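Report on one structure; see the data block that follows.
Counting starts at 1 for both ligands and their atoms, following the listed order. Note that this is a predicted model, so its numbers are computed, not measured.
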Amino acid sequence: MGDIVFQNTLTGRKEVFVPLRAGEVRMYTCGPTVYNFAHVGNFRTFVFQDILRRFLRSRGFRVMQVMNFTDVDDRIITNAAAAGVGIREYTDKYIEAFLADRRALGLEMPEKVVRATDHIEDMVRLIERLTQRGCTYSSDGSIYFRIATFPAYGRLSKLDPSGIQAGARVDVDRYDKADARDFALWKAPKPGEFFWETRIGPGRPGWHIECSSMAMKYLGETLDIHTGGVDLTFPHHENEIAQSESATGKPFVRYWLHAEHLLVDSEKMSKSLGNIHTLRELLEQGHKPSSLRFLLSSVPYRRQLNFTEDSLRQAAGSVERLRNFALRLRQGKFAEGASGMSERAARAAEEFEAGLEDDLNTARALAAVFDLARDANTAMDRGEFRQGDIAPVLKTLERFDAIFAVLVDDDAEKLRALGLAGSDQAPGDAEIEKLVAERQAARKARDFAAADRIRQQLADRGILLEDTRDGGIQWKRK
Ligand SMILES: [Zn+2]
């Protein structure tokens, strides 16, 4: 296997990935601001991060990933007050929903998931450190970072430093993307607003300081990888770098990986267009978790992904094709020996790895697997596929699924776990296997009426059974 190469936003180049400590990857992920349900654009970034961590793990790295929840900001404080509940209670339900959505998409849990409001003391300490180094000033009880003290400001986002407005301040959580200004590290409370009483005064943290302090607390002062959506590059990640490096004097992050935007029907998602779909809405409309996962992972993360009904249907078809191929491999009866397909499978595995090594080029990796499936299906149709080919082809397919995780059909169970119905028509692998076993038992007991009933039930739900000559049974989806 070759080197892993990542496009690094910081340097603007593709670079060979070498972690600071051999065999170990320390990675930080900006998590959601939990004031509503996450949408499909958010999940594009989270699916990319899942592919990244699965790939690194599959290559033998020990991954330590930290993801935060931003559970305090302007909107959260306003919404919680309007709902008459505390911010903790208000954000709890969105955190729970987000974690359930992640499970539906088959996203692995990061090693550490942390809430900003559990780390106020860490943030206060970091702000004190910045003050000792002369990087801050106070105004009306708020504390600001003085960008002029950090000459490297703008390096990540390639921002023109002349756009920096010296002394101009911004202290809301929503930022103007056009220019850089001194940003709030600590915000004084407005009258009647929720606040923490601390050594640096009453108030609450700014958004950027949360990520710097939690990232460094758990991952050390220099991280291997920091990921996020491209819209976070400026000002959020730029500000994280300024704060962290000013406090420690060390490089904060070695590789910055940013996922591009997701477009819906070729348009940017926006409230006014009404094209912001939450994951739940899409699942309620009858789309499968596996189709969504597949679609979101199929376009390389540095390219824009155009999300359409049609692309979602195609994704469902692609997943179905691979699932049926895996079934055919496992259930098929082939002549003894091996054919050129064994060698063909090994080549596909190499091409699959090469695709992912190349800055996670998922499209290239997927093409390798689909080409293999096509060739193997053709060989089976022609009677050229051999018993000895099964293991090497399955091995490549398992390699694929360790990263893409769509082969096991558990869509129905995942929908049920989210409390979504409509899964009756689409039984999962486990349920089918159970019904097939019951039918076999009925046949053995010579209860042919019961056996026929189960066959019909499965047929009604799109599952075809085929009895084999040796008394076994094969099934597939229509
Ligand atoms: Zn962040």
- Task: Please list all pairs passing the ring-ring contact (aromatic ring centres under 6.0 Å, His included) test where one or both residues lie in residues 243-266, with sequence neighbours left out.
- Result: Phe17-Tyr255, His226-Trp256, His237-Trp256, His237-His258, Trp256-His258
- Item | ring-ring contact (aromatic ring centres under 6.0 Å, His included) contacts in which one or both residues fall within residues 279-321, not counting sequence neighbours | Phe48-Tyr301
Show the atom names and distances, to 0.1 Å, of all donor-acceptor pairs under 3.5 Å that link a side chain in residues 363-371 to residues at least two apart or in another chain.
from: Arg364; atom 1: NE; to: Glu351; atom 2: OE2; distance (Å): 2.8
from: Arg364; atom 1: NH2; to: Glu351; atom 2: OE1; distance (Å): 3.4
from: Asp371; atom 1: OD1; to: Arg374; atom 2: NH1; distance (Å): 3.4

- So which protein N/O/S atoms does the Zn ion (ligand 1) have within less than 2.8 Å? Cys30 SG, Cys211 SG, His236 NE2
- Look at Glu111 together with Arg26 and state whether they make a salt bridge at an N to O cut-off of under 4.0 Å. no
- Query: For Lys395, does the NZ atom sit with more than 12 other heavy atoms under 6.0 Å from it, leaving out its own atoms?
  - Reply: no
- Message: If you apply the rule salt bridge (Lys or Arg N to Asp or Glu O under 4.0 Å), what do you find for Asp231 with Lys268, and how did you get there?
- Response: CA-CA 12 Å; Asp231 51 323; Lys268 234 184 132 170; over 6 Å; no
